[in-house]
Amino acid sequence: MSAPPAWQRDVLRWLRQLDNAVLLKTTDPIGTLQAGGDLDVLVGDSAAAEASLLREVGPPLFRARYGYFYEWGHIDLIPRIEWRGAAVLQTEAAVAASCTTADGLRVADPASNALLFWLRPPIWGGAFKPGCEPLVERAMAEDSPAFRQLLVQTFGAVEGQRLFELAGQKKYAEAAQDAGALRKALWIRAVLRRPLATFGGLIHHVAMELAVRLHPPLPWVALLGPDGSGKSTVLEAVSALLQPTIPQRKIFHWRPGVLKPGNPEAGPVTDPHGKTPRSLPVSLLKLVFLLADWWLGYWKKIVPLSARLTFCLFDRCYFDLLVDPRRYRYGGPMSLARWFGALVPQPNLVILLDAPAEVLQARKREVTLEETQRQMAAYRELVAALPNGRIVNCARPVPEVAGEVRDLILQMLRDHTPAIA
């Protein structure tokens with residue numbers, strides 16, 4: 001039997017010697033990482049935990065908020081688990097209640113795990129998340145009095161008892177039917193138990209939310225190219241390659257789609273120039289619509305996803321209109337389209353899939369060879385002028401193209417990450 005990879009030994013060694021910290025949800029950290037999950041570690045001292053991680057495991061490819069992203073997976077060092085200042089789980093109490101496995105790992109007790117992964121999704125997102133059932137069943141089977149006590153401590157006597165009864169009846173989804181009641185009970189109980197800490201946590205939460213919206217922790221990427229360049233195929237392959245490093249990803253097409261969502265069942269466009277351009281007044285209204293959709297989409301979709309450490313990739317973006325206005329039925333002056341384009345939120349990285357027009361035509365013949373040549377030249381000129389523009393030869397097999405795009409994305413993320421002292 002071959003020896004395990006060095007990173008697995010490093011992670012286990014780090015977890016075994018980590019002080020004042022507890023591993024959440026899992027007792028099999030390597031299996032969790034290999035399955036594409038991430039490790040959540042609740043830490044009492046963030047600076048000490050980070051120093052230990054860097055010493056034992058090494059520097060990550062990049063870092064964002066509490067997340068440390070390695071080529072083989074993602075680790076979160078979480079200093080507190082709160083909802084708008086109200087503690088869902090007390091760090092000190094969770095560390096004190098933790099237990100040590102036969103492998104020497106400090107893991108959260110069943111009650112803490114059950115509370116977190118059953119009730120945190122309704123509190124944060126207002127919805128039940130399947131998969132928590134085994135954790136709740138274990139807490140009820142192994143130490144139901146401790147689980148009940150933790151629920152009452154967190155949500156108060158009335159709501160805590162109700163949740164305990166739901167757990168006993170295995171009616172887990174019912175806890176999410178009134179997320180507002182959960183949040184209200186959590187906040188009241190937190191204020192009664194620790195008023196100063198709770199209001200201080202609320203101020204910290206507001207400050208953090210402002211910070212991540214003004215400076216999103218994850219940048220975003222747009223992939224450009226004419227029909228036949230394989231954007232969708234390459235993006236899917238890149239998304240799969242990023243899986244160990246960035247577990248959560250979201251692919252958009254052309255625009256965020258807040259004002260008028262696209263039809264997911266519409267299928268690919270087979271005749272991009274089949275419709276006549278719009279009139280000048282309608283084209284101007286279309287530019288206003290696009291600008292509004294991009295800004296609303298940036299603040300309502302891209303930034304919140306980035307704050308939750310979800311990586312956003314775009315198949316086409318506003319730049320496409322500047323290269324191929326006929327595709328979008330734009331009938332106004334290009335100078336005005338470029339002016340609006342300067343006001344649209346800009347991707348952190350723009351990648352052009354480049355190939356000779358003859359290669360692209362062999363894949364798709366939705367426009368003429370001359371039009372493909374024109375588009376390819378316009379794309380090259382546009383992307384070459386961007387400081388964050390990169391050009392990738394897509395005439396090669398998809399795995400090679402996807403690998404180069406992935407490398408460009410990872411390098412951008414490294415450059416985006418603040419230096420670790």
- Message: For a side chain to side chain contact (heavy atoms under 4.5 Å, CB included) check, start with the C-alpha distance between Ser306 and Val212, then their side-chain angles and the critical distance, and finish with the verdict.
- Response: CA-CA 8 Å; Ser306 174; Val212 298; over 6 Å; no
- Message: Quick one, Gln411 with Asp415, criterion side-chain hydrogen bond (donor to acceptor under 3.5 Å, both in side chains). Give me CA distance, side-chain angles, the key distance, then yes/no.
- Response: CA-CA 6 Å; Gln411 185 57 54; Asp415 296 340; 3.0 Å; yes
- Task: Would you please test Leu336 and Leu284 for side chain to side chain contact (heavy atoms under 4.5 Å, CB included) and show each step?
- Result: CA-CA 9 Å; Leu336 189 60; Leu284 296 181; 2.8 Å; yes
- Query: Between Glu159 and Arg189, is a salt bridge (charged side-chain N to carboxylate O under 4.0 Å, His left out) present by the stated rule, with each step listed?
  - Reply: CA-CA 10 Å; Glu159 188 67 10; Arg189 184 63 175 166; over 6 Å; no
- Task: May I have the step-by-step check of ring-ring contact (aromatic ring centres under 6.0 Å, His included) for Trp187 and Phe199, ending in yes or no?
- Result: CA-CA 10 Å; Trp187 232 87; Phe199 284 109; 5.5 Å; yes
- I would like to know whether Phe319 and Val344 meet side chain to side chain contact (heavy atoms under 4.5 Å, CB included); could you show each step before the answer? CA-CA 10 Å; Phe319 290 136; Val344 167; over 6 Å; no
- Query: Please walk me through it: do Arg365 and Thr372 pass side chain to side chain contact (heavy atoms under 4.5 Å, CB included)?
  - Reply: CA-CA 9 Å; Arg365 296 178 180 272; Thr372 300; over 6 Å; no
- Given Asp38 and Tyr68, is the side-chain hydrogen bond (donor to acceptor under 3.5 Å, both in side chains) satisfied, shown in steps? CA-CA 10 Å; Asp38 60 326; Tyr68 296 76; over 6 Å; no
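In this structure, the side chain of Arg80 does not engage the main chain of Thr91 through any donor-acceptor pair within 3.5 Å. Judged by distance alone, with hydrogens and angles left aside, the side-chain atoms of Arg278 form a donor-acceptor pair with the main-chain N or O of Tyr328 at under 3.5 Å. A donor-acceptor contact shorter than 3.5 Å is absent between the side chain of Ser52 and the backbone of Trp14. When atom types are taken as modelled, the side chain of Ser283 and the backbone of Ser279 share a donor-acceptor pair closer than 3.5 angstrom. Remark: the backbone N or O of Val367 is paired with a side-chain donor or acceptor of Gln361 at under 3.5 angstrom. A donor-acceptor pair under 3.5 Å links the side-chain atoms of Asp293 to the main chain of Leu259, judged by distance alone. Side-chain N or O atoms of Thr198 include one that pairs as donor or acceptor with a backbone N or O of Ala190 at under 3.5 Å. For Arg255 (side chain) and Leu290 (main-chain N/O), no donor-acceptor pair under 3.5 Å exists by modelled atom type. Formation of a donor-acceptor pair under 3.5 Å by the Asn393 side chain with backbone atoms of Ala395 is found in this model. For the pair Arg13 (side chain) and Val57 (backbone), a donor-acceptor distance under 3.5 Å is absent.
Here the closest heavy-atom approach between residue Pro216 and residue Val303 is recorded as CG-CG2, 4.0 Å. Listed here is the closest heavy atom pair of Leu192 and Pro195: O-CD, 4.2 Å. Contact record, Ala167 with Val136: CB-CG1, 3.8 Å, taken as the closest heavy-atom pair. Residue Leu105 comes nearest to Pro29 through the heavy atom pair CD1-CD, 3.7 Å, listed as atom of the first residue, atom of the second, then distance. When all heavy atoms of Phe69 and Pro60 are compared, the pair lying nearest together is O-CB, 3.4 Å. Annotation for Leu182 and Pro122: closest pair CD1-CB, 3.9 Å, computed over non-hydrogen atoms.
Atom CG of Leu77 and atom OH of Tyr66 lie 11.0 Å apart (nearest 0.5 Å). His253 contributes atom NE2, which lies 11.0 Å from atom CG of Leu235 (distance to the nearest 0.5 angstrom). Considering CG of Leu287 and CG of Leu321, their distance stands at 6.5 Å, rounded to 0.5 Å. Considering CH2 of Trp118 and CZ of Phe147, their distance stands at 5.5 Å, rounded to 0.5 Å. For the atom pair CG of Leu186 and CG of Leu119, the computed distance is 9.5 Å after rounding to the nearest 0.5 Å. The CG atom of Leu410 sits 6.0 Å away from atom CG of Leu242, with the distance rounded to the nearest 0.5 Å.
Within the structure, salt bridge (Lys or Arg N to Asp or Glu O under 4.0 Å) contacts touching residues 221-238 (residues at least two apart or in different chains) are Asp227-Arg316, Asp227-Arg327. The list of side chain to side chain donor-acceptor pair (under 3.5 Å) pairs with a residue in residues 237-250, not counting sequence neighbours, reads Ser239-Arg249, Gln243-Arg249.
Taking the six-membered ring for Trp and thresholds of 30 and 60 degrees, Tyr298 and Trp295 have ring planes more than 60 degrees apart, a perpendicular arrangement. Using the six-membered ring where Trp is involved, Phe314 and Phe252 have ring planes that are parallel, under 30° apart on the 30 and 60° scheme.
Under the 4.0 Å criterion applied to side-chain N and carboxylate O atoms, Arg380 and Asp354 are assigned as salt-bridge partners. Under a 4.0 Å N-O distance rule, the pair Arg162/Glu174 does not qualify as a salt bridge. Salt-bridge formation is detected for the pair Glu404/Arg396: a Lys NZ or Arg NE/NH1/NH2 atom is positioned less than 4.0 Å from an Asp or Glu carboxylate oxygen. Salt-bridge formation is not detected for the pair Glu371/Arg326: no Lys NZ or Arg NE/NH1/NH2 atom is positioned less than 4.0 Å from an Asp or Glu carboxylate oxygen.
Around NZ of Lys129, the count of heavy atoms belonging to other residues, nucleotides or ligands within 6.0 Å does not exceed 12. Gln169 CD: more than 12 foreign heavy atoms inside a 6.0 Å radius.
No side-chain heavy atom of Leu313 sits less than 4.5 Å from a side-chain heavy atom of Leu223. At a threshold of 4.5 Å between non-hydrogen side-chain atoms, the residues Trp83 and Arg183 count as touching. Considering only heavy atoms from C-beta on, Pro121 stays 4.5 Å or farther from Phe128 through its side chain. You'll find the side chain of Met412 stays beyond 4.5 Å of the side chain of Arg390, heavy atoms only. At least one side-chain heavy atom of Trp220 sits less than 4.5 Å from a side-chain heavy atom of Pro345. Taking 4.5 Å as the limit, some side-chain heavy atom of Leu39 sits within range of a side-chain heavy atom of Thr32. A heavy-atom distance below 4.5 Å is not found between the side chains of Trp299 and Val258. For the pair Arg363 and Cys394, the minimum side-chain heavy-atom distance is below 4.5 Å.
For Trp339 and Tyr318, the ring centers are positioned 6.0 Å apart or more.
Residues Thr27 and Thr101 have side chains that never bring a donor and an acceptor to within less than 3.5 angstrom of each other. Using modelled atom types and a 3.5 Å distance limit, the side chains of Tyr330 and Asp324 yield no donor-acceptor pair.
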